[in-house]
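The model shown is predicted, which means the values in this text are computed figures rather than measured ones. Note on naming: letters A, B, ... go to the chains in the order of the sequence lines (proteins, then strands), and numbering restarts at 1 for each one.
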Amino acid sequence: MGSYIVKRLLLSVPILLIISFLTFLLINLSPMDPAEVVLRAQEVPEITEELIAQTREELGLNQPFLKQYADWVMACLRLDFGESYVTGQTVWSLISPAFLNTLKLTMVSSTIIIIMSVILGVACALNEGRIWDRSVRGVSFFLTAMPSYWLASILIWYFSVRLDLLPTSGMDSYQSYILPVTVISVSYVGIYFRNVRSSMLNHLHEEYVVYGRACGLPEKKITMRILRNSLQVAVSIFCMAIPIILGSTVVIENVFAWPGLGRLSVKSILSRDFPVIQAYVLILAVAFVLFNTLSDMINAALNPKLRKEI
Amino acid sequence: MNRKSVKIWMLMISIALLAGCGETTQGSKAESAIRDEIIYATAKDIHDMNPHLYTGSMPAQGMVYESLVENTKEGIKPLLAESWDISEDGTTYTFHLRKDVKFHDGEPFNAEAVKLNIDAVQHNAEKHAWIKLSTKIKNVKVVDAYTVQLVLSEAYYPALVELSMTRPYVFLSPKDFIQGETKDGVNGHHGTGPYQFTEHKIDEYATFTANEEYWGGPPKIKKITAKVLPAGETTFLAMQKGEVNFVFTDDRGADSIDVQAMNQLVDAGTYQLVRSEAMNTKMMVANSSKSESPVSETAVREAIWHTIDRETISKDIFEGTETEANTLFSSNVNYADVELKERGYDPGRAEQMLEEAGWKKESDGKARFKAGKELAMKLYYDSNSSSQKTQAEFIQNAVKGIGIKLDIIGEESSSIANRRSTGDYELLFNQTWGLAYDPQSTISAFTSEASYLHTTKGIAQADHLYEHIQEVMVSKDEETRKSLYAEIMRTVHDEAVFIPISSGSVTVLAPKDLKGITFKQTQFELPFEQMYFE
């Protein structure tokens, strides 16, 4: 298992390098001169040729491309992502609190999503075709199809304005978590519980279950065995759910005025604040690669056959 | 109906479905929530409050920092300078400062502080090239503790107006400077204004508290909070609940909540809607120098002008919140009370003009052609502005009726600004700088590559126009100035390079019992210090 982990980690290095190169290329793909982008981002009312030349010099944009890339990668390894074009603050000082805020939201939501998905998935599988199974699937279909900004607005109106129980937005107290976490969870539970359910159903008809029943094993014990086997499939899905939620909170953060990564990224994209965009893309890419590696490792630990595949 | 209003309406319908039972009194909740404090919603963070740079929120900077003089309806009035003298040749301005002013950190405001601030601005001259005064200041002399002299390289009549602007000629405590400079950041944000900047949580909120030592007397509203709410729908709900109680038009002239939503809040009885007089003109800018495009022809530009039904735009798209504009500057702008050729909504006249200019309809009777070339153009709009998109669609449909094919393309604002400065456009939406800045700032932008050079340089009298602009800025005689401005305005009007659409104003949605809501001579600030609850 040890050598598997080392091999799997080493495999992530070239992927991360390719991602970092593509991320850095972003700035050069823009049709606008990055120096001009900086000046526009700083809302300088009139941009002159001299000012552009001066800014290019200051940003080191006159250096050869590969040197710029190498310098940037080395700096990123020290968590130095440069300075924001717009505010002049370090990207780290902007992105780290935003990342933490989104992470808090993601972790609370993921926990609820996993618990709810397992409970609903198991309950539906055990009641396959019955009214409970059909109504849960029906309601979840309706809720996942609902645009999240829409659901969010309705919940804010009902629970914050009408019932006056919760704040409409912001992240001042634990109460601020309730509505955004509910909206995120509703969208994902509807997807993930189906995976648990279908995985359970596949196992329900396997020979070991029939054999277990024939041997007179208690039903509870059989269900637990099925659940354990089914969850192996769900592990990788749940692992990937975390970076997926991390990268898809834009709408929720906007509606709930949550000062997180999603909002920061949209703001940076609109003002072409490239250093922040680069750091955002890089952080998300690293999160995807890490969680993907983690899910492979867990699966390999559960199923030794997988370890030979590398 | 624009996209935002559709969303609000859809929200209302769902709410009606959800709220089957129970009584609701939204109004009273908002009423009881906040007293003696203004919490305003802002779509963006206030950013860097350094007053000598351009990223900070102007309404926020306006509360904290002050200038030497103030621009009012009645003209330039004293602010931090009690009085001033201008030398006969118009190159030396001597300011006599108020003696009872202190910065928020207790430092005295005096001639030294003025010199230090103006010098710091001048040391970053490249960034301030847009404000012509920055290119004319030769030096700043401290005459005595409370007298300071500004020496210019040549007479420049808008000097006082430019000194009255929200930035960059405003004053920061010398203690906040880093090695005598402000261009690479500052240590703190202490101005002399009615409010002190007390707390800032990036992307969450910023608070400003009343300056009890303010030389003009302490403001009655003791605390102002700028709360970041990026979504208009949330702002609407937060206002209903009373978590925020104030919204106003942002720096770019966009309202953070929809017209219907504003009306609904007013109808509920808790809020009032106050609008300023016209502050700017929203328009379409035509690139006269794009010789390969039909837009370079005056007749085509005039035809488009005649085809726009401004009354419908004002009534249906802006719901009466913006009025029709028929000239580049409304008549309340200095020097803009000029008689100009009337050019109203008249599609018949537009068709006739196109015929005369040789743009004939083909057999299908729809498209127009001249020498085998179709009469087709592109119009760029800001993809983040719902009203611009609706207007673009409306205009596209209108000009189609007279045989002009108009492609409309939504892009983000920086890309549109880039098109304007490189000349890569035929038509795009823009707006004038607004009161206080106009007409001088918009007009000097006619000659600037970054602004309207491509718009103006294709017209027949371009050289004359530029000479007049050069002259008017240094002219010392009021009558000459009037006639030069009239000449400039007539030229661009006759050439129809700026096609006016509507006059925009500043909108404030505030609690009903908030009094003293007035406006400044600029669309970028509000005098919060004059407001009070009854």
Within 6.0 angstrom of [X] [atom1], more than 12 heavy atoms from elsewhere:
| X | atom1 | result |
| --- | --- | --- |
| M116(A) | CE | no |
| E57(A) | CD | no |
| F65(A) | CZ | yes |

What option among L94(A), V255(A), D172(A) has the most heavy-atom pairs under 4.5 Å with chain B?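 Result: the option with the highest number of such pairs is V255(A).
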
Grab the two heavy atoms, one from V161(A) and one from K241(B), that are nearest each other, plus how far apart they are. CG2-CB, 4.2 Å

Closest approach of S169(A) and T234(B), non-hydrogen atoms and distance? CB-CG2, 3.9 Å

Is K267(A) paired with D45(B) through a side-chain N to carboxylate O contact shorter than 4.0 Å?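 Salt bridge absent between D45(B) and K267(A).
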
Under 4.5 Å heavy-atom distance to chain A, tell me which part of S421(B) shows up: side chain, backbone, both or neither.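 Answer is side chain: those atoms of S421(B) sit under 4.5 Å from chain A.
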
Pick one of side chain, backbone, both or neither for K227(B), based on which atoms fall under 4.5 Å of a heavy atom in chain A. side chain

Pick whichever of I131(B), D203(B), D48(B) has the most heavy-atom pairs under 4.5 Å with chain A. D203(B)

Side chain proximity check, S160(A) to E243(B), heavy atoms < 4.5 angstrom: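 The answer is no; the side chains never approach within 4.5 Å.
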
Student check: side-chain heavy atoms of Q89(A) and I202(B) closer than 4.5 Å: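 Yes, close enough: below the 4.5 Å cut-off.
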
Can you tell me how far CD1 of I156(A) sits from CD of Q240(B), rounded to the nearest 0.5 angstrom? 11.5 Å

Toward chain B, the part of I269(A) with a non-hydrogen atom under 4.5 Å: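 Backbone only.
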
Please state whether the side chain, the backbone, both or neither of P97(A) comes within less than 4.5 Å of a heavy atom of chain B.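 Looking at P97(A), nothing touches chain B.
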
All pairs passing side-chain hydrogen bond (donor to acceptor under 3.5 Å, both in side chains) where residues 246-263 of chain A contributes a residue, at least two apart: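 Found T102(A)-E253(A), Y188(A)-S248(A), T249(A)-E253(A).
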
Looking only at the side chains, is there a donor atom on one of S153(A) and E233(B) sitting less than 3.5 Å from an acceptor on the other?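 The answer is no; no qualifying pair exists.
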
T168(A) side-chain N/O to A238(B) backbone N/O, donor-acceptor pair under 3.5 Å: no

